[in-house]
Amino acid sequence: MNKLDTVKHKLFDAYYSQLNAMQRKAVTTVNGPLLVLAGAGSGKTTVLVKRIAHIIHFGDALHGKNSADLTPGELNSLEQLSQIHGCSPDMLRPVLKKLAVDPCPPRNVLSITFTNKAATEMKNRLKSELGDLADEIWAGTFHSICVRLLHRYIQRIGFDSQFTIYDTEDSKKVMADCIADLELDSKMFMPRSVLQIISGCKNRLVTQEEFENTAGDDFKKQTFARLFKRYQLRLANANALDFDDIILMTIRILRECEDVRNTCQKQFKYILVDEYQDTNYAQYILMRLLADKYRNVMVVGDDDQSIYKFRGATVENILNFDKQFTDTKTIYLEQNYRSTGTILKAANGLIAHNTCRKGKNLWTERDEGNKIVLRELDNQEMEARYLADTIQRMVRDEGYHYNDFAVLYRSNAQSNTLENVFTRSALPHRLLGGTRFNDRREIKDIHAYLSVINNPKDTVRLERIINLPKRNIGVITMKSVVHLSEEEGVCTFDIIKNANQYPALSKTASKLMGFANVITELQEIAQNKPLPALFAATIEKSGYMDMLLNSTEDEKDRIANVNELISNAVAFTESNPEATLAAYLEENALVADIDNYDPEAGAVVLMTMHSSKGLEFPVVFLPGMEENVFPSVLSQLSNEEIEEERRLAYVAITRAKKELFLTYTRERLIYGRTSSNRISRFVEELPQELMDSTSAAMYRRFSLGGTDYQAAASKAIETITKKRIAAKEEEFMRKHNPHSFTLGEKVIHDMFGLGVVQSVKKLTGDTLYEITFEKAGTKKMMGTYAKLRRKDAE
DNA sequence: CACGCTCTGCCTGCG
DNA sequence: GCAGAGCGTG
């Protein structure tokens with residue numbers, strides 16, 4: 001190492017004296033692919049922020065080649081500076097800037113996070129680190145970044161740049177319509193599950209055609225393929241994208257348009273992705289497409305905190321990163337600044353039971369702290385009371401505040417009892433993750449009006465509001481409207497506007513046109529007046545407010561929420577110079593949560609373990625540590641799912657800074673019936689010496705008493721459910737697919753008579769059967785062409 | 001076309 | 001135990 005290098009290292013070590021050696025390494029390694037495996041509470045956000053600042057101020061100052069214009073005198077003065085201790089970063093920065101190698105303009109840095117919450121935090125911290133420079137950085141969620149790009153380029157693949165974004169509920173509505181279109185049994189094909197399959201395809205970049213090709217003669221798959229196609233068609237007609245499409249279309253543009261790809265690749269010289277364990281395949285491809293020119297891509301994540309596989313995340317992204325990007329440097333951040341030694345040991349002990357992991361061991365300089373408390377309670381009511389009492393006691397005797405406590409549970413259903421008991425005990429608490437403001441019915445309704453005003457092609461939203469308030473326009477009328485729109489090739493709104501021109505609509509024409517007039521009138525207001533006025537007019541002229549006011553039920557919450565929306569419009573107009581309706585709707589489509597978790601609120605916080613990711617609390621309670629609750633019954637099928645649950649437990653445990661309480665009950669109400677579950681395997685997997693001894697004794701007793709009968713019972717239930725599903729599928733196949741037969745089935749052929757299926761060989765697009773006929777011997781024939789009928793043997 | 005009754009299926013959840 | 005869907009009736 002030459003003198004300059006030595007001096008540089010010393011100076012940067014001083015500049016980053018607040019960071020540990022590994023964090024410093026992550027911050028200063030800026031060129032080339034970099035994988036940072038950051039354990040819980042290891043200061044990864046700090047690393048991300050400092051690294052971006054480093055890239056902007058100094059470029060690759062530490063490892064790049066400095067232009068050799070430092071005089072020996074300058075070098076000496078640098079060396080002297082490096083020997084002074086306690087130089088503040090503000091003093092060092094101007095000096096270090098002279099050593100900068102290709103510092104990067106902020107507009108060429110792309111920082112991707114998963115949630116809006118994380119994005120906001122990132123932006124705030126960049127702002128305080130970099131001041132106004134931060135405004136130019138491309139920082140946001142995958143979706144917000146893609147939407148920005150789509151606005152610029154989506155017309156390149158034949159879409160209108162004024163697209164609408166459909167949320168999950170809209171998508172469900174579209175899918176329900178598709179299922180109805182194809183006259184399918186709605187019990188066989190539930191919108192939710194079909195959408196899950198389509199989303200899975202999109203996440204893995206499987207196209208409709210590819211999916212269709214793999215379907216073979218599996219009728220169910222074929223039907224999914226048809227629904228997939230129909231769904232996309234309906235979206236396209238409504239000029240709408242679902243959440244997955246936002247990523248997908250961006251990829252399509254980058255793949256298909258070389259010039260756009262080149263522009264983007266040049267634009268994003270440095271790319272940083274947070275929570276990389278939560279990315280799916282499509283997002284990986286997107287990142288690749290953007291990063292392929294410079295390959296300056298850093299991903300940060302923790303394979304042990306991957307808890308979103310169920311929604312398409314593939315932990316393989318983080319596990320394989322170093323194989324996908326050659327000469328990746330890997331840095332482990334294993335020093336934890338959050339939890340006590342005991343809590344960390346518990347977390348390490350638990351996660352060690354997982355097999356598929358990179359392997360990482362968190363450590364801390366903090367002291368051991370208190371043992372983990374485990375308590376058995378009679379039922380969920382007692383459990384909630386135990387939590388309330390313990391919290392009250394700790395506030396009274398140990399100087400804690402209410403906002404020091406978090407209660408984390410596996411499923412939202414558990415929150416009910418907790419909330420009731422806490423309210424009764426006058427314990428200040430806040431419930432997170434219930435119905436979000438934007439998900440409330442009345443808010444969705446008004447947003448639907450606004451969406452239709454903005455994009456009349458938006459049939460889904462149109463159907464939502466056309467009879468709300470009641471205008472006596474029913475499903476039948478809308479069916480014929482949709483039918484006409486398909487026939488005439490005009491959008492549904494145009495049909496409604498000119499309803500009197502269609503004989504089929506003669507009965508309801510005046511009602512339809514009345515509705516169209518309201519929308520047209522509001523569209524004019526949208527053109528000429530500011531947003532708050534438009535919102536007020538929409539609420540009035542639609543008759544929505546009157547509907548609420550005249551309701552027989554108490555709707556004061558809804559009225560308040562609707563009025564709140566007008567204040568939102570005022571706030572939006574004030575903070576956005578270009579406060580168009582389109583901009584408002586777009587922001588609201590992407591902002592899923594007005595997540596105002598306020599640590600200062602002076603209240604105990606209740607939320608799911610999932611939504612606690614990224615947060616920390618001095619004291620954490622984990623109620624419901626029972627098999628079939630946590631791990632959930634529904635995840636007991638495969639080891640993979642159990643490992644994901646275990647990671648969830650790891651996440652939950654590592655939220656705690658000082659104290660951790662685990663509770664389980666002898667009995668619990670699940671789906672309205674009492675059940676008794678044995679203690680969670682995750683409790684048994686914790687090192688016993690870390691547990692509070694009094695409770696450990698109790699635990700052993702219970703554990704020995706409780707055999708696997710419950711597991712056996714739930715297995716049985718699962719088998720029954722599976723059989724029921726299988727039976728339904730079978731019935732469906734028989735009904736819809738007369739050319740498909742199973743092994744051993746009796747069939748009738750027009751010429752050969754009665755036979756038995758000997759073998760089934762699936763070919764692309766058809767199936768080859770070998771059938772032994774009573775009279776004609778064994779024949780091979782294709783399912784589609786042979787005139788085979790099923791012999792219903794009952 | 002609206003209302004009320006019965007039946008079913010149920011986790012976690014970012015955009 | 002509860003919400004949402006489906007079905008039958010006024």
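Just so it is clear: chains get the letters A, B, ... in the order the sequence lines come, proteins before strands, and each one is counted from 1.
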Over how many whole Å does the gap from A:Asn420 atom CG to C:dG1 atom P extend?
-> 14 Å
Aromatic ring centroids of A:Tyr409 and A:Phe630 under 6.0 Å?
-> no
Identify all pairs in which a protein N or O lies below 3.5 Å from an N or O of nucleotides 6-10 of chain C, and state each distance.
residue : atom : partner  : partner atom : Å
C:dG6   : OP1  : A:Ser186 : OG           : 2.9

Round to a whole Å and report the spacing from CG of A:Asp242 to P of B:dC14.
-> 16 Å
Grab the CG-P distance between A:Asn416 and C:dG1 for me, whole Å please.
-> 12 Å
Interface polar pairs with nucleotides 11-13 of chain B, N/O, under 3.5 angstrom:
residue : atom : partner  : partner atom : Å
B:dC11  : O2   : A:Arg410 : NH1          : 3.1
B:dC11  : O2   : A:Arg410 : NH2          : 2.5
B:dT12  : OP1  : A:Asn412 : N            : 2.7
B:dT12  : OP1  : A:Asn412 : ND2          : 3.4
B:dT12  : O4'  : A:Arg410 : NH2          : 3.0
B:dT12  : N1   : A:Arg410 : NH2          : 3.4
B:dT12  : O2   : A:Arg410 : NH2          : 2.5
B:dT12  : O2   : A:His610 : NE2          : 3.4
B:dG13  : OP1  : A:Thr608 : OG1          : 2.5
B:dG13  : OP2  : A:Asn412 : ND2          : 3.2
B:dG13  : O6   : A:Arg192 : NH1          : 3.4

When we call it a touch if two heavy atoms are under 4.0 Å apart, what does A:Thr477 touch: a base, just sugar-phosphate, or nothing?
-> sugar-phosphate
Using atom CD of A:Gln414 as one end and atom P of C:dC2 as the other, report the distance to the nearest whole Å.
-> 17 Å
Which sits closer to the 5' end of DNA chain B, A:Gln283 or A:Ile476, going by the nucleotide each is nearest to?
-> A:Ile476
How about A:Tyr584 and A:His447: are their ring centres within less than 6.0 Å of each other?
-> yes
B:dC1 phosphate, OP1 or OP2: any side-chain N/O from A:Asn467 under 4.0 angstrom?
-> no
Using the side chain to side chain donor-acceptor pair (under 3.5 Å) rule, take A:Asp242 and A:Ser171 through it: C-alpha gap first, then chi angles, then the decisive distance, then the call.
-> CA-CA 7 Å; A:Asp242 69 15; A:Ser171 298; 4.6 Å; no
Taking the six-membered ring where the residue is Trp, are the ring centres of A:His143 and A:Phe114 under 6.0 Å apart?
-> no
Side chain to side chain donor-acceptor pair (under 3.5 Å) evaluation trace for A:Thr113 with A:Asp274 | CA-CA 5 Å; A:Thr113 47; A:Asp274 194 10; over 6 Å; no
With a 3.5 Å cut-off and no angle check, do the side chains of A:His151 and A:Glu586 form a donor-acceptor pair?
-> yes
Watson-Crick or G-U stems of DNA chain B, 3 or more pairs, under 3.5 Å, by first number = B:1-10 with C:1-10
What are the two closest heavy atoms between A:Ala38 and A:Lys44, and how far apart are they?
-> CB-CB, 3.7 Å
For the pair made of CG in A:Asn472 and C1' in B:dC3, what is the distance, rounded to whole Å?
-> 13 Å
How close or far is atom P of B:dC14 from atom CD of A:Glu587, stated in whole angstroms?
-> 17 Å
Whole-Å distance, A:Glu169 CD to C:dG4 P, equals 9 Å
Salt bridge (Lys or Arg N to Asp or Glu O under 4.0 Å) test vs A:Glu381 passes for just one of A:Arg668, A:Arg424, A:Arg666, namely A:Arg424
For the residue pair A:Asn203 and A:Tyr281, confirm or rule out a side-chain donor-acceptor distance under 3.5 Å.
-> no
Report yes or no: do A:Thr141 and A:Ser144 form a side-chain donor-acceptor pair below 3.5 Å?
-> yes
Roughly, in whole Å, what's the span from CG in A:Leu468 to C1' in B:dA2?
-> 14 Å
Please find out if less than 6.0 Å separates the ring center of A:Phe682 from that of A:His353.
-> no
